[in-house]
Amino acid sequence: MDIATLRATHPDHWKLATAIRALAMDAVQAANSGHPGAPMGLADVATVLYRNHLKFDAKAPHWADRDRFILSAGHASMLLYALLHLTGYEQATLDQVKSFRQWGSRMAGHPEYGHLEGVETTTGPLGQGISTAVGMAIAEKSMAARFGKKVVDHKIWVIAGDGCLMEGISHEAIGLAGKQELDNLIVLWDNNNITIDGRVTVSDITDQHKRFEAAGWTVLACDGHDPADIDRALTEARKAKGPVMVDCKTIIGFGSPNKADSYSVHGSPLGDAEISATKAIYGWDHGPFEIPADIKAEWEAIGGQGAAERTEWQARLDALSPAKKAEFERQVSGGVTKKLASAIRAFKKAQSEAVPKVATRKASEMVLAAVNPVVPETIGGSADLTGSNLTLTPGLGDFTPENRKGRYVRYGIREHGMAAAMNGLYLHGGVRPYGGTFFCFTDYARGAMRLSALMGVPAVYVMTHDSIGLGEDGPTHQPVEHLAICRATPNTWTFRPADVVETAEAWELALSSEKTPSVLVLSRQNLPTLRKAHTNANLSAKGAYVIEEAAGKRQAILMATGSEVEIALKARDILQAQAIGTRVVSMPCMELFAAQDEAYRRKILPPGAVRVAVEAAVQQPWDRWLLGERGTEKKAGFVGMTGFGASAPAERLYQEFGITAEAVAEKVKSLL
Ligand SMILES: Cc1ncc(C[n+]2csc(CCOP(=O)(O)OP(=O)(O)O)c2C)c(N)n1
């Protein structure tokens, strides 16, 4: 539909949509950076969505039963900011719009979770939003099954652009959503045939309709500038079977006389002259950031449309039994049940008596078997490695279209999609997600793992097969640099537990975390129980502790994690037999150790002694503990990997790569 017809036939709609377009142009111009084209093209679709379909109350951004709106095309952030401002979200003031993209503004370059109410997830890395939304849709289904449709019954709406659909992660997400028949998920595709390099067709000729249909979606289409047609499509979408993709045919930079339908309007300000010309075409004779009071009032009325529905919902929530209501509220707020700590304590006590020799992946399974029954909000899963990651415990049941109470998601071979879904599961509220794959394949999940950290989502990544210790699968499967990568990522706890007790402690910390994701790095090979004296206290909480003290004068400190703690303890035996007093420090989580005060760190790593770190991975993250923290280069050594692994049984690999107790003892002696 062209502008003249649109203005003539839908004057009310036109005014509302033009307010979005004007704010987007003005804010990008003022910031002298940003992406005006997509908001201008999407304003009609968004106006119909907010006006006629989205269930929300601008005065209650955290209402648990609101529809979620995910702007997967995060570069179009001004679309979302304009909507939040116009509908009257308290934090989305006009001053914030004016300081779009500037230091301290809630309206960051791309929408950032936690900066501004109404932003449901961080988007910007293309493809993440649509994939996170799949997790939200799963969470909605799970919550509805557990608490009833009277209190959980909403939709997840997504706007995704060509870029989101081209990203590989979207393939994983679309496949998962189709299999799971998520009829609460509606994706509005901004089909404008433009990306940064020009027409989409310079790089892609995919038939998106066939692609979505092939994955089990319902596909609808509309003219993305005709409000009646958009409304028809969205109305149909709400009733359709399975997840729905609505192809919204739009024009990027709609109305701009010299830039519409071209890549030049994608990611740079229009310029004052072009803004004037465009506003003239719009019939919008208002200055920058000026929204006439009647139009603002109409938008605010839209912002309040859901208030009555929310009141009715509150009454239904209040009608639940007090226990059920309290449990609903605890789960939605991410609160930790007291039962977790007691389950972990009992588990630790039993294991330090039984002293099993098990792989830490097996230990993790044993912990989960104790924890899952008392933490009903966990939803686990694996990227097709259930039997290797050991993430499934009795009684969870598969989450399927037939069994929405199931708490185990078969993610398929979709590591990145799984990680993004885990973000969505948590952000929706009511779920503590964990999911597994081989540690090496964190590479495949990394984009979403980074967003867990950036957003402060305490997802738990169960990453097994943690080193050359996995053996015969060889160097393609043997991580060497991945511990360094995880430890380099801000706001991430990387746990590499040494035995069953440390594994339980890591799980307790991971499931109690408020804002930090955890990566549990777990062995394939069996490891002895080292913590034989039970402590109620969680020793891993300080990141590192003395697991074996030096006998006699302390001359050496060995530091290790995971399977190498056993090697360090054997090296200590060798050294002590030669009267070299040796302390062994287990360091299951460097980040937590780094967070301790100087006094504690000094207690664990006092000056003077030779320091040797042992880890079957690259040295990089150890430099601080070897060279800093009162250490000196002359007295520091590392036993670990300097390159990729190899294909052979694990024991042989440890011999060949020189990660042995004897080598550690020799290293110490060479430094004394
Ligand atoms: C993972 C990722 N890769 C690259 C980019 C950089 N980028 C931002 S927008 C964009 C083009 C997106 O095209 P489309 O989704 O069609 O947006 P439109 O041009 O319609 O605004 C690119 C490549 C990004 N944000 N994320």
Side-chain angles (χ1 to χ4, degrees), residues 355-365 385 387-390 436-443 462-486 494 496-500 502-503 520-530 547-548 558-575 577-578 582 584 586-588 612-622 637-670:
V355 295
K357 183 167 180 170
V358 291
T360 49
R361 63 177 172 143
K362 178 71 184 170
S364 165
E365 179 188 52
L385 287 169
S388 299
N389 303 144
L390 302 178
T437 183
F438 290 152
F439 186 41
C440 211
F441 304 143
T442 48
D443 289 341
V462 184
M463 298 293 156
T464 69
H465 298 62
D466 66 344
S467 72
I468 54 165
L470 67 85
E472 293 82 347
D473 272 336
T476 56
H477 285 50
Q478 292 162 355
V480 288
E481 73 278 37
H482 300 74
L483 282 165
I485 293 170
C486 290
T494 309
R496 189 161 182 257
D499 73 352
V500 63
E502 281 193 8
T503 305
L520 306 192
V521 183
L522 305 170
S523 75
R524 172 179 183 245
Q525 72 274 35
N526 288 338
L527 304 175
T529 301
L530 305 174
I547 192 164
E548 197 72 59
L558 303 179
M559 299 176 276
T561 73
S563 42
E564 284 71 73
V565 177
E566 182 189 9
I567 291 174
L569 288 167
K570 285 187 181 149
R572 177 187 176 276
D573 290 344
I574 297 172
L575 291 163
Q578 298 170 36
T582 304
V584 178
S586 179
M587 200 182 287
V612 172
V614 200
E615 187 168 70
V618 299
Q619 177 175 340
Q620 194 188 53
W622 287 96
F638 179 72
V639 174
M641 298 294 290
T642 52
F644 293 114
S647 178
E651 274 179 31
R652 180 72 187 265
L653 291 172
Y654 272 87
Q655 290 294 331
E656 293 289 342
F657 287 107
I659 306 173
T660 60
E662 293 73 21
V664 173
E666 282 311 311
K667 178 73 83 183
V668 168
K669 287 200 279 179
S670 74

Inset, instruction - Taking all non-hydrogen atoms of both residues into account, name the closest pair between Tyr654 and Ala616 and its distance. - result: OH-CB, 3.7 Å
Inset, instruction - For Gly658 and Ala663, work out which heavy atoms get closest and say how close. - result: O-CB, 3.4 Å
Inset, instruction - Apply side chain to side chain contact (heavy atoms under 4.5 Å, CB included) to the pair Thr642 and Phe657, showing each step before the final yes or no. - result: CA-CA 9 Å; Thr642 52; Phe657 287 107; over 6 Å; no
Legend entry - Separation of Met587 CE from Trp622 CH2 (nearest 0.5 Å): 4.5 Å
Legend entry - Inter-residue atom distance Leu390.CG - Leu385.CG, 0.5 Å rounding: 10.5 Å
Inset, instruction - Can you measure from CE (Met463) to SG (Cys440) and round to the nearest 0.5 angstrom? - result: 11.0 Å
Inset, instruction - Indicate the ring-plane relationship of Phe438 and His465, choosing parallel, tilted or perpendicular according to the 30° and 60° boundaries. - result: tilted
Inset, instruction - Could you grab the distance from atom CZ of Arg361 to atom CD of Gln525, nearest 0.5 Å is fine? - result: 9.0 Å
Inset, instruction - Grab the two heavy atoms, one from Ala648 and one from Leu653, that are nearest each other, plus how far apart they are. - result: O-CD1, 3.4 Å
Legend entry - Within-4.5 Å side-chain heavy-atom neighbours: Glu472 and Pro649: yes
Inset, instruction - Without swapping roles, check the side chain of Gln478 against the backbone of Gly471 for a donor-acceptor pair under 3.5 Å. - result: yes
Inset, instruction - In plain terms, say whether Glu566 and Lys570 are close enough for a salt bridge, that is, a side-chain N and a carboxylate O under 4.0 Å apart. - result: yes
Inset, instruction - Tell me yes or no: between the side chains of Ser364 and Thr503, is some donor less than 3.5 Å from an acceptor? - result: no
Legend entry - Heavy-atom pair of closest approach, residues Leu470 and Arg524: O-NH1, 2.9 Å
Inset, instruction - Identify, with sequence neighbours excluded, every residue that meets salt bridge (Lys or Arg N to Asp or Glu O under 4.0 Å) alongside Glu564. - result: Arg496
Inset, instruction - For Glu651, look at atom CD and say whether over 12 heavy atoms of other residues, nucleotides or ligands are found less than 6.0 Å away. - result: no
Legend entry - Over 12 non-hydrogen atoms of neighbours within 6.0 angstrom of CD in Gln620: no
Inset, instruction - To the nearest 0.5 Å, tell me how far Glu502 CD sits from Leu530 CG. - result: 7.5 Å
Legend entry - Glu656: salt bridge (Lys or Arg N to Asp or Glu O under 4.0 Å) partners, not counting sequence neighbours: Arg652
Inset, instruction - Test side chain to side chain contact (heavy atoms under 4.5 Å, CB included) on Ile468 and Ile659 and set out the steps. - result: CA-CA 10 Å; Ile468 54 165; Ile659 306 173; 4.2 Å; yes
Legend entry - Derivation of the side-chain hydrogen bond (donor to acceptor under 3.5 Å, both in side chains) call for Asn389 and Thr464: CA-CA 6 Å; Asn389 303 144; Thr464 69; 2.9 Å; yes
Inset, instruction - Taking all non-hydrogen atoms of both residues into account, name the closest pair between Ser523 and Ala359 and its distance. - result: O-CB, 3.4 Å
Legend entry - Distance-minimising heavy-atom pair for Arg572 and Leu558: N-CD1, 4.1 Å
Legend entry - Passing option when His482 is tested against Thr494, Asp443, Asp466, Thr442 for side chain to side chain donor-acceptor pair (under 3.5 Å): Asp443
Legend entry - From CG (Leu522) to CG (Leu527), nearest 0.5 Å: 10.0 Å
